[in-house]
Structure formats: structure tokens, C-alpha cells
Amino acid sequence: MANLIQTNNANIKIFGGKLSAAPVGNIPPSIDLLEGLQAFYKLSDLTDSSGNNLTLTNNGDVTFASGKIGNAAVFDNSSYLTQALDLSTPDAFTISCWIKRAVSSGAKIILSVGSQDGPLDVYAGPSHGNGLQASFTNASAFCDLSLSENEWKHFVFIRDKASNVSKIYMNGVNSYESTAPSFANVNGISFGSSFGNMASDGSIDAVGVWNRALNEGEVAALYNSGNGLELN
């Protein structure tokens with residue numbers, strides 16, 4: 001049976017998780033994006049389109065409006081989305097999403113992964129700069145990547161415990177590398193705040209979570225020359 005991957009201007013059929021139609025942009029035709037997929041949120045609502053039924057919880061009043069591909073989650077400085085997804089078991093994980101920073105002041109959380117060792121927080125500055133930041137409880141912010149107001153950008157965070165490397169891709173480009181943080185007893189993932197702290201007023205779309213480290217070609221496939229992808 002074929003699944004559909006939706007972009008903002010086309011549908012691509014995949015069989016067994018592999019792109020089988022003519023590639024769009026620079027997407028290789030053999031990329032497997034369903035391998036290790038834990039959850040995928042198109043964010044037209046709270047449902048998980050991966051088939052794993054990991055529905056999001058709406059804390060407050062997150063709304064859904066026109067986004068990068070179809071609708072996106074829109075935050076209001078107080079609401080956020082959560083899922084008790086355990087990312088401590090695999091040796092690696094990847095989180096991919098499209099983000100748009102709103103016009104505002106102060107640090108605004110985009111996503112947070114909570115654990116016994118403290119959270120990974122990804123946020124829009126200006127705490128340590130004016131762009132995109134990423135930090136851990138036991139370490140200072142370790143990057144400052146350009147993130148203009150009201151502009152959609154594709155963000156991918158990869159943690160690979162085996163190689164002790166964490167990577168951040170922005171718009172398909174490997175933009176930062178650091179040592180991989182420890183995550184013991186992960187208690188979930190939050191979008192739009194750090195589980196109620198530093199809530200956002202921006203938007204997020206097409207969120208995917210994998211229990212493995214995606215490679216550069218797979219990140220490029222998700223970016224899709226700026227068109228983005230949604231996995232049904």
C-alpha cells in the first residue's frame with residue numbers, strides 16, 4: 001500500500017517508507033523516511049500521522065492556522081503542546097520541524113526535551129544572541145543561528161550517542177556540532193515552551209521524531225529545497 005508525502009506544491013507516493021516517484025527538488029529517490037519514525041505531527045490538529053497514535057496534549061489554547069504546509073500550530077505566549085515520548089532508550093534520536101519566530105521580545109522556547117539530566121531547550125534569543133539558541137541544564141547555550149522574524153526555517157536536531165555528537169541543521173545545512181548530551185529517564189517532549197516555561201508566540205509545523213540519527217541526505221529530503229514534506 002502506498003503512503004502519501006505532501007509538500008506545499010505536490011504529493012509524492014512512497015512504498016514501504018521509500019520515495020518511489022520522481023524526486024522533487026534534490027530528493028534522492030531511495031531515501032527511507034519511515035524507518036525509525038516515532039511520531040509525525042502535521043499540526044492541522046493534535047494527531048500523530050505515523051500510525052503510533054502518540055497524540056499531542058494541548059496545554060492552554062494552541063490554535064491551528066495556515067502554516068508552511070497546510071496548517072501549523074500557533075502559540076500565544078502561554079499555551080504549548082506535549083507528548084510523553086521516551087527518547088532515552090535509543091542510542092540516537094532526531095527531531096525535525098519547521099519554525100517561524102514571531103515579532104516579540106525575550107527568549108521564546110520552540111521545543112524542549114525533558115529528562116532526569118535536565119532539559120534540552122531550543123529557543124529564539126536574545127538570551128545569548130538574537131537568533132536560534134540550544135542549551136542544556138548543565139551547559140550554556142551553544143549556538144546562535146540566524147532566525148529572522150516571520151520567516152519559516154527548517155530545523156533538525158540530531159543526537160547520536162554512539163558517536164557522541166549532536167548536530168543542528170538549518171534549512172538543510174549542517175550548522176552546528178557539539179558533544180551529545182546525556183538523556184536519562186526522558187519525561188517527554190514539549191513544543192512551544194519548556195513544559196510551561198518561556199512560552200512562545202511563534203508557529204511550528206511538520207514535526208517528526210525518529211529513534212535514530214538521520215543522515216544528511218534524509219535531512220535534505222525533509223527540507224526538500226525549501227518546500228518541506230509531510231509524512232502521512
Side-chain angles (χ1 to χ4, degrees), residues 1-21 23-25 27 29-59 62-75 79-87 89-90 92-100 110-113 122 152-158 169 172 186 188-192 202-215 217-232:
M1 179 180 294
N3 295 300
L4 287 179
I5 291 180
Q6 181 184 358
T7 75
N8 65 356
N9 58 8
N11 286 329
I12 307 169
K13 287 187 178 181
I14 59 173
F15 294 83
K18 296 184 182 294
L19 296 171
S20 63
V24 172
I27 301 176
S30 60
I31 290 293
D32 187 345
L33 290 173
L34 297 188
E35 180 187 352
L37 182 66
Q38 300 297 287
F40 196 92
Y41 303 106
K42 295 187 288 184
L43 293 177
S44 56
D45 53 31
L46 301 173
T47 60
D48 167 23
S49 65
S50 74
N52 293 327
N53 298 317
L54 295 173
T55 304
L56 291 166
T57 297
N58 193 336
N59 301 273
V62 177
T63 58
F64 304 96
S66 181
K68 177 64 181 180
I69 311 170
N71 280 346
V74 182
F75 304 96
S79 56
Y80 57 103
L81 304 172
T82 54
Q83 165 53 231
L85 184 63
D86 187 355
L87 296 174
T89 302
F93 68 81
T94 300
I95 302 171
S96 167
C97 59
W98 284 89
I99 55 178
K100 184 171 74 169
I110 294 164
L111 65 90
S112 181
V113 180
V122 177
W152 283 105
K153 284 200 172 183
H154 186 235
F155 167 83
V156 178
F157 177 84
I158 299 172
Y169 285 81
V186 170
I189 187 168
S190 177
F191 305 110
S203 301
I204 189 169
D205 199 2
V207 176
V209 182
W210 289 260
N211 65 1
R212 64 184 182 89
L214 297 189
N215 61 42
E218 291 166 326
V219 172
L222 288 167
Y223 178 58
N224 191 16
S225 300
N227 293 312
L229 291 176
E230 285 187 341
L231 280 67
N232 289 357

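Predicted model only: the values in this text are computed from it and were never measured.
- Between A206 and L229, the shortest heavy-atom distance links the atoms CB-O, 3.8 Å.
- Across C97 and H154, no two heavy atoms sit closer than the pair O-CD2, 3.3 Å.
- Atom CG of residue L46 and atom CG of residue N58 lie 5.5 Å apart, to the nearest 0.5 angstrom.
- The two atoms that bring S44 and N71 nearest to each other are CA-CB, 3.9 Å, heavy atoms only.
- Proximity of S49 to F40: side-chain heavy atoms (C-beta onward) are separated by under 4.5 Å at one or more points.
- For the pair E218 and R212, the minimum side-chain heavy-atom distance is below 4.5 Å.
- The shortest non-hydrogen separation linking A213 to T94 is CA-OG1, 3.4 Å.
- Judged by distance alone, the side chain of K68 and the main-chain N or O of I204 form no donor-acceptor pair under 3.5 Å.
- The two residues F64 and A73 come nearest to each other via the heavy atoms CD2-CA, 4.0 Å.
- Taking the side chain to side chain contact (heavy atoms under 4.5 Å, CB included) definition, one finds that T82 meets it with T57, N59, Y80, S190, F195, sequence neighbours left out.
- What you find for Q38 and D48 is that their closest heavy atoms are O-OD2, 3.9 Å.
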Go through N52 and L37 one step at a time and tell me if the side chain to side chain contact (heavy atoms under 4.5 Å, CB included) criterion holds. CA-CA 9 Å; N52 293 327; L37 182 66; 5.8 Å; no
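- Results of the side-chain contact (heavy atoms from CB on, under 4.5 Å) test with V122 over I99, L111, V113 single out L111 as the only residue that passes.
- With sequence neighbours excluded, the residues forming a side chain to side chain contact (heavy atoms under 4.5 Å, CB included) with S203 are V74, K100, W152, listed by chain and number.
- For D45, the side chain to side chain contact (heavy atoms under 4.5 Å, CB included) test picks out T47, with sequence neighbours left out.
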Determine, stepwise, if the pair V207 / L81 fulfils side chain to side chain contact (heavy atoms under 4.5 Å, CB included). CA-CA 12 Å; V207 176; L81 304 172; over 6 Å; no
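- The main-chain N or O of L54 is found under 3.5 Å from a side-chain atom of Y41 such that the two form a donor-acceptor pair.
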